[in-house]
Amino acid sequence: MSGFPRRTFVRGSLAVVALAGVGAAAGRGPGPAAAAGLGPRGLVAARDVITRLLGAGAAAEFVLEGLVPEPGEADAFEIGGSAGAVRVAGTGPVALLSGVHWWLKHVAGGHLSGNGDRVALPARLPAPEGPIRQSTELAERYAYNFTVFGYSTPFWGWAEWERELDLLAAAGVNRALALTGQEIAWYETFQDFGLSESEVRQWIAQPAHQPWQWYGEITGYDEGASAHSGPVSVGLLHRRRDLGVRIVERMRELGITPVFPAFVGHVPDKVFAERHPRAHVIAQADYAGHPRPHWLDCTDPLYPAVAERFYRAQAEHFGTTTHYSNDLFHEVGDDELPTLLDGADLGAAAVAVQEALARAVPDARWLVQGWQANPRRTLLDAVDEERVVVLDLDSDDSRKWQETDAYWGAPWCWGTIGNFGGRLGMFGTLVEPGRTLPAVRADPARRRLVGTAVVPEGIRHNPVVFDLLSETPWRREPVDLAGWVRAYARRRYGGDDPHAARAWEILLRTAYSYASTGHTSGEGPHETPFAAEPALTVGSVSQWGPADWRYDPAEFAPCLTELLAVAPALRETATYRYDLVDVTRQVLANRGRLLLDRLRGAYEAGDREAVVRHSARFLRALDLCDEVLGTHEDWLLGRWLAQARSWGDTEEERAVLEWNARTIITTWSVHAAPTLREYANRDWHGLVGGYYRSRWQRFLDALPATTASGEPPVFDDWAEHGDAWSRGREPHTARPTGEPYAVAARIAADLAADPL
C-alpha cells in the first residue's frame with residue numbers, strides 16, 4: 001500500500017469512495033475527488049484513456065485515486081501500490097494520466113508518442129520501489145499554435161483526434177486550442193448582419209488556410225483559383241462542426257479546458273462595410289500577397305452586437321469555456337499599426353474585446369500571444385490583467401519575456417515553437433526545457449509565470465522534444481540531458497542497446513543541441529535541399545529557415561550506422577522503424593547539400609563532365625530519399641491527400657479539398673508572395689520523388705550546356721509550375737511499400753560505396 005491520504009479510487013469499472021472520517025457524509029465539505037476536481041466521470045474517462053493506450057488488461061491493474069493538492073500546488077500526482085495493483089492518484093484527470101504516463105516511462109520502461117508506442121507490459125504491472133510524488137505550480141499548460149490546424153490537423157477525423165487528446169492528457173496538457181469547426185460561428189453571425197449565405201461561405205477559407213483567417217491575415221474564397229478553391233460547402237461546415245463538438249466534449253471529459261477563438265473584429269471584407277456604412281470598418285493591409293479581412297473597430301457601437309451574436313452562435317454549438325484566444329493585429333509591425341487602426345485606440349479596442357467576452361462568459365480569460373510586436377504594453381496596461389494570460393510563443397529563442405520585464409507583470413506562460421510550417425527536419429532544443437526553464441521558474445524576474453505553452457506550427461515529428469516537454473512542468477530541477485536521452489532510447493526501443501545509446505548521443509550533440517545562442521539564425525532545421533527551388537547555391541529553402549548548417553553533417557552521419565547495428569529484436573518496434581526512416585532521410589538530405597557543393601565547384605571550374613556526374617549523384621540521393629520515405633505511413637504524401645479527399649461529399653468537393661491540401665505545402669496559395677513558397681515544405685514520399693524531382697531534373701538537364709558560359713539556367717516560372725501541380729490529380733499511394741530496415745541498410749551500403 002502507498003500510504004497516501006484520503007482518496008477516491010476506481011478499479012476496473014467499480015467506483016469506490018474511501019474517506020478518512022465522516023466529513024463528507026456529515027455535509028461538512030466535498031470528498032477528496034470533488035475537492036481535486038476528479039469526480040466519477042473524470043475517473044471513468046481516465047480509465048478509458050489507459051485502456052486505449054495500454055490495453056484493457058493493463059487498465060484493470062490500476063487503482064485510480066483522487067488527490068488533494070498541497071498549498072502552492074496547481075496539480076500533483078502520486079504513484080505507489082504493489083505489483084498488479086498500481087495506485088495512481090491525481091488532482092484531476094490530466095494529473096492522473098500524467099501520473100500513469102510517468103509510471104509507464106520511469107517504472108515500466110514504456111513509451112508513448114505521436115510517432116509510435118512501445119507498451120509491451122508484463123502480465124503483472126510493476127509498482128515503484130517507493131512512493132513517487134510530482135507536482136507543479138504551473139496552472140496553465142497550454143498546447144497548439146493556431147497554425148497546427150492548417151499544417152497538421154485540417155483533415156483529421158475522429159480516430160486521429162481521439163488518439164491526440166489521449167496523448168495530450170498523458171503529457172499534462174490542461175488547456176488546448178479547439179479550432180476545428182469553429183467557422184460555423186462566422187457562418188451564422190454574419191448572415192444576421194446583412195450578408196447572404198453564399199457571401200459568407202465565399203469569405204470562409206478552406207480548412208488548411210483557416211488558421212490565418214482567424215489571425216486576420218487572409219480571406220477565404222480564392223478567386224484566382226475559383227474552379228479549385230471553393231467556396232466551402234454547407235455540408236463541410238456542418239461536418240467539421242460535428243467533429244469539433246466531439247473534440248470539445250472529449251476535452252471536457254479529460255479535464256482539458258478547450259480554448260475557443262475570440263472575436264476581435266475581423267469581418268468579411270468590403271461587403272460588410274457596404275452593408276454598414278456608418279460603422280468604422282477599416283480595410284487592412286496586405287499579408288504576403290493576400291488581402292486581410294476588414295476590421296470592425298472594437299470601439300464602434302456595432303462591435304458589441306456582432307460580438308454578442310458570435311459568442312451566442314459559438315455557445316449554441318460548442319457551449320462556453322473559460323479560455324478564449326485571438327490577437328488584435330497579429331504579425332503587424334509598429335510602422336503599420338497606425339494605418340490599420342485608422343484613428344482607433346488600441347487600448348480602448350482591447351478593453352472592448354475583453355468586455356464583450358465578459359458579457360458572454362463572465363470571468364473568461366483572454367489568451368494573447370507574445371509574438372513579434374504583440375502584445376503591446378498599451379494593450380496590457382488597458383485591460384484587466386487578472387483576466388489575461390500571455391502565451392510567450394518563443395521564450396526559448398527570442399527571450400521576449402525578458403525584454404518586456406515578464407510582460408510588465410501580467411500572467412504569462414513560457415512557450416516554445418520549435419517547428420515552423422510543419423517542416424520535417426530533425427531539429428529541436430532539449431537544452432531549453434531541460435535546463436533553462438527550471439532556471440526561469442526559480443528566477444524572481446519571472447514575476448507572474450503561470451504556465452507553459454507548447455506551440456509548434458506543426459506536430460507529429462521530433463517526438464523526443466515533446467517527450468521532454470511533457471515532463472518539464474513536473475520537474476523543478478535541471479535535467480541531466482545525457483542520462484535522460486539514454487533512458488529515452490531505452491524506453492523507445494525496449495532495451496539497453498549500446499548502438500541505440502550511441503545513436504542518441506550523436507542526435508543529442510547535433511540535431512537536438514540547438515539553443516538560442518552560439519548557433520546560426522533562422523527558424524527550424526537546415527532544410528532538405530530537395531525541396532528548394534533549384535539553384536547551384538541553396539541556403540534556406542523557406543524564407544526564414546536557417547541559411548547555414550546547424551551542426552557538422554560529418555558528426556551526424558554515423559548515427560545511421562549505429563541505428564542499423566541495433567539488436568534485431570529492437571528493430572521490430574514501431575518506434576525504431578520511424579526513427580530509422582527519419583535518420584536515413586536526414587543523412588540523405590545532408591548528403592544532398594554536400595553534393596550541391598561539389599556540383600557548384602565543378603560548374604565554377606568549367607568541368608562539364610563533373611557537372612553531369614554530380615548532378616546524377618544528387619538525383620540519386622533524392623531518389624533514395626523518396627524510396628525510404630515510402631516505407632513508412634507517416635512519410636506519405638498520399639495519406640495527406642487521402643485525408644483531405646475523405647472530407648468531400650462530391651467529386652467536385654474532393655477535388656477542392658485536394659487542391660487545398662496540395663497548395664498549403666507548396667505554393668501556399670495562389671496569391672502568396674514568394675516569401676511563403678515552400679514555407680511548409682515536406683520530406684514526403686511522392687512530393688520528393690514527384691514535385692521536387694521534376695524541378696531539379698529540369699534544372700540539372702539544362703545545366704551542362706551552360707558550363708562554358710558560366711551563367712546557370714534561370715527559370716522564372718516555378719510559381720506557375722507549383723500552381724499546375726496543385727491543380728493536378730495524379731494518384732499517390734497512401735500505403736507504405738518496402739521494409740524500412742532493408743531499404744535503409746541498402747542505402748547505407750550505397751553511400752559507403754560512393755563516398756563524398
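All values below were derived from every heavy atom in this structure, side-chain atoms included, with hydrogens, water molecules and symmetry-related copies excluded.
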Trainee: For the pair Glu720 and Arg727, find out whether any cationic side-chain nitrogen is under 4.0 Å from an anionic carboxylate oxygen.
Mentor: no
Trainee: Can a side-chain donor-acceptor contact be found between Asn660 and His209 if the only test is distance below 3.5 angstrom?
Mentor: yes
Trainee: Measuring from Phe318:CZ to Ile247:CD1, what's the distance to the nearest 0.5 Å?
Mentor: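 Those atoms lie 9.0 Å apart.
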Trainee: Report the C-alpha distance between His294 and Phe272 in whole Å, list the side-chain angles of each, state the deciding distance to 0.1 Å, and finish with yes or no for ring pair (Phe, Tyr, Trp, His ring centres under 6.0 Å).
Mentor: CA-CA 8 Å; His294 282 38; Phe272 189 92; 9.4 Å; no
Trainee: Evaluate the criterion side-chain hydrogen bond (donor to acceptor under 3.5 Å, both in side chains) for residue pair Asn174 and Tyr142; output intermediate values, then yes/no.
Mentor: CA-CA 6 Å; Asn174 66 349; Tyr142 174 88; over 6 Å; no
Trainee: Drop me the distance from Gln206's CD to Ser669's OG, to the nearest 0.5 angstrom.
Mentor: 13.0 Å
Trainee: How would you list, by chain and number, every residue that makes a side-chain hydrogen bond (donor to acceptor under 3.5 Å, both in side chains) with Arg141, sequence neighbours excluded?
Mentor: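 So Arg141 forms a side-chain hydrogen bond (donor to acceptor under 3.5 Å, both in side chains) with Asp75.
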Trainee: Between Glu457 and Tyr679, do the side chains contain an N or O donor and an N or O acceptor separated by less than 3.5 Å?
Mentor: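 The criterion, which ignores hydrogens and geometry beyond distance, is satisfied for Tyr679 and Glu457.
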Trainee: To the nearest 0.5 angstrom, please state how far the OG1 atom of Thr667 sits from the CG atom of Asp723.
Mentor: 6.0 Å
Trainee: Mind checking salt bridge (Lys or Arg N to Asp or Glu O under 4.0 Å) for Glu197 and listing every partner two or more places apart, or none if nothing turns up?
Mentor: Arg201
Trainee: Is Arg693 paired with Asp626 through a side-chain N to carboxylate O contact shorter than 4.0 Å?
Mentor: no
Trainee: Please round to the nearest 0.5 Å and tell me the distance separating atom CG of Leu168 and atom CE of Met251.
Mentor: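 Interatomic distance, Leu168 CG to Met251 CE, rounded to 0.5 Å: 7.0 Å.
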Trainee: Would you please say whether a donor-acceptor pair under 3.5 Å links the side chains of Thr416 and Asp396?
Mentor: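 On atom types as modelled, these side chains qualify, holding a pair under 3.5 Å.
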Trainee: Counting C-beta onward and ignoring hydrogens, is there a side-chain heavy-atom pair between Phe149 and Leu177 closer than 4.5 Å?
Mentor: yes
Trainee: Using side chain to side chain contact (heavy atoms under 4.5 Å, CB included), reason through Ile417 and Glu523 one step at a time and then give a plain yes or no.
Mentor: CA-CA 9 Å; Ile417 292 184; Glu523 298 176 344; over 6 Å; no
Trainee: Against Tyr151, only a single residue in Phe420, Trp156, Trp212 fulfils ring-ring contact (aromatic ring centres under 6.0 Å, His included); can you say which?
Mentor: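 Considering Phe420, Trp156, Trp212, a ring-ring contact (aromatic ring centres under 6.0 Å, His included) with Tyr151 is found only for Trp212.
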Trainee: Between Gln182 and His317, does any side-chain donor sit less than 3.5 Å from a side-chain acceptor?
Mentor: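 Judged by distance alone, the side chains do not pair up.
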Trainee: What I want to find out is whether Glu739 reaches Arg577 closely enough, with some N-O distance under 4.0 Å, to be called a salt bridge.
Mentor: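 Between Arg577 and Glu739 there is a salt bridge, with a charged N closer than 4.0 Å to a carboxylate O.
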Trainee: In terms of side-chain heavy atoms, does Arg492 have a donor or acceptor partner in Thr575 at a distance below 3.5 Å?
Mentor: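 There is no such pair (donor and acceptor under 3.5 Å, judged by atom type) between the side chains of Arg492 and Thr575.
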Trainee: Indicate yes or no: at least one non-hydrogen side-chain atom of Leu53 is less than 4.5 angstrom from one of Val119.
Mentor: no
Trainee: Judged by modelled atom types alone, do Glu653 and Ser233 share a side-chain donor-acceptor pair under 3.5 Å?
Mentor: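 Side-chain D/A pair, Glu653 to Ser233: present.
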Trainee: Taking the side chain as every heavy atom from C-beta outward, state whether Ser113 and Asp467 have any pair of such atoms under 4.5 Å apart.
Mentor: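 Result no, sub-4.5 Å side-chain heavy-atom pair not found.
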Trainee: Is a salt bridge present between Arg585 and Asp582, judged by a nitrogen-to-oxygen distance below 4.0 Å?
Mentor: yes
Trainee: Can you confirm whether Ile665 sits close enough to Leu637 that some side-chain heavy atom of one is under 4.5 Å from a side-chain heavy atom of the other?
Mentor: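 In contact.
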Trainee: Are any of the side-chain heavy atoms of Asp634 and Asn115 separated by less than 4.5 Å?
Mentor: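 Asp634 reaches Asn115 side chain to side chain.
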Trainee: For residues Thr631 and His685, is any side-chain donor paired with an opposing acceptor at under 3.5 Å?
Mentor: no
Trainee: Which atom names give the shortest non-hydrogen contact between Leu391 and Ala453, and what distance separates them?
Mentor: CD2-CB, 4.3 Å
Trainee: Return the CG to CH2 distance between Leu657 and Trp659, rounded to the nearest 0.5 Å.
Mentor: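 Separation between the atoms: 10.5 Å.
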Trainee: Are any non-hydrogen side-chain atoms of Phe260 and Tyr311 less than 4.5 angstrom apart?
Mentor: no
Trainee: Would you check if there is a donor-acceptor pair between the side chains of Ser540 and Glu527 at a distance under 3.5 Å?
Mentor: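 Distance-only check fails for Glu527 and Ser540.
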Trainee: Is it the case that the side chains of His323 and Glu140 hold a donor-acceptor pair, with the cut-off being a distance below 3.5 Å and no angle test?
Mentor: yes
Trainee: Is it true that Tyr215 and Gln369 share a donor-acceptor pair across their side chains at a distance under 3.5 Å?
Mentor: yes
Trainee: Taking the six-membered ring where the residue is Trp, are the ring centres of Trp684 and Trp635 under 6.0 Å apart?
Mentor: no
Trainee: Taking only residues two or more places apart in sequence, or in another chain, which ones meet Trp725 in a ring pair (Phe, Tyr, Trp, His ring centres under 6.0 Å)?
Mentor: Tyr691
Trainee: Tell me, do Thr584 and Leu624 make a side-chain contact under 4.5 Å, heavy atoms counted?
Mentor: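 They are not in side-chain contact.
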Trainee: Tell me if the centroids of the rings in Phe530 and Trp696 come within less than 6.0 Å of each other.
Mentor: no
